[in-house]
Amino acid sequence: MRCAILVMDSREEVTDQDARIGGFIHEKGKGCVLVMNKWDLVEKDTDTMMEFEERVKESLKYLHYAPSSSSQP
């Protein structure tokens, strides 16, 4: 495995299990893409995506190199 896809439920903050799995990915030196599942169920305004992504990146600092499914090119 060269790259992992960490799928998280966007209706929740980063869970302990998400963080644990992310830690395993990082410890093994693998690439990672963060995917937010169930995004359509989240109430949104103009800044929701940016604020959510900032909270996820803060919780998973060790995966700073991982793009997320909401990242813009």
Side-chain angles (χ1 to χ4, degrees):
M1 173 179 74
R2 294 182 183 172
C3 183
I5 299 172
L6 179 55
V7 180
M8 297 177 280
D9 188 333
S10 59
R11 298 173 300 168
E12 304 176 17
E13 295 295 322
V14 175
T15 65
D16 290 342
Q17 182 173 341
D18 296 333
R20 193 172 322 112
I21 294 169
F24 291 146
I25 294 167
H26 178 71
E27 288 172 9
K28 296 293 184 181
K30 302 300 179 181
C32 182
V33 175
L34 305 175
V35 175
M36 309 318 298
N37 192 25
K38 302 180 185 175
W39 185 248
D40 58 320
L41 302 178
V42 174
E43 279 193 46
K44 299 171 209 58
D45 63 26
T46 310
D47 298 322
T48 304
M49 186 183 314
M50 184 176 63
E51 291 169 356
F52 186 84
E53 188 168 1
E54 287 174 7
R55 288 195 308 270
V56 169
K57 293 285 188 172
E58 180 66 26
S59 296
L60 300 173
K61 286 182 182 179
Y62 45 87
L63 292 176
H64 60 87
Y65 54 87
S68 68
S69 58
S70 63
S71 294
Q72 301 297 317

Extract all donor-acceptor atom pairs below 3.5 Å that involve side chains of residues 60-67 and protein atoms in other chains or at least two apart in sequence.
{"residue": "Lys61", "atom": "NZ", "partner": "Glu58", "partner atom": "OE2", "Å": "3.0"}
{"residue": "Tyr62", "atom": "OH", "partner": "Ala19", "partner atom": "O", "Å": "2.7"}
{"residue": "Tyr65", "atom": "OH", "partner": "Lys30", "partner atom": "O", "Å": "3.3"}

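With sequence neighbours excluded, the residues forming a side chain to side chain contact (heavy atoms under 4.5 Å, CB included) with Glu51 are Asp47, Arg55, listed by chain and number. When the side chain to side chain contact (heavy atoms under 4.5 Å, CB included) test is applied to Arg2, no partner is found at least two apart in sequence or on another chain. The side-chain hydrogen bond (donor to acceptor under 3.5 Å, both in side chains) search around Ser59 returns none, not counting sequence neighbours.
No single ILVMFWY cluster, assembled from side-chain heavy atoms under 4.5 Å apart, contains both Met50 and Leu34. Phe24 and Val33 fall into different hydrophobic clusters, where Ile, Leu, Val, Met, Phe, Trp and Tyr side chains are chained together by heavy-atom contacts under 4.5 Å.
Heavy atoms only, all atoms of each residue included: Met36 and Val56 are closest at CE-CG2, 4.2 Å. Scanning both residues, Cys32 and Ile25, for their nearest heavy atoms gives CB-CG2, 3.8 Å.
Listed by first and then second residue, the ring-ring contact (aromatic ring centres under 6.0 Å, His included) pairs involving residues 27-49 are Trp39-Phe52 (not counting sequence neighbours). Under the salt bridge (charged side-chain N to carboxylate O under 4.0 Å, His left out) criterion, the residue pairs touching residues 32-46 are Asp9-Lys38, with sequence neighbours excluded.
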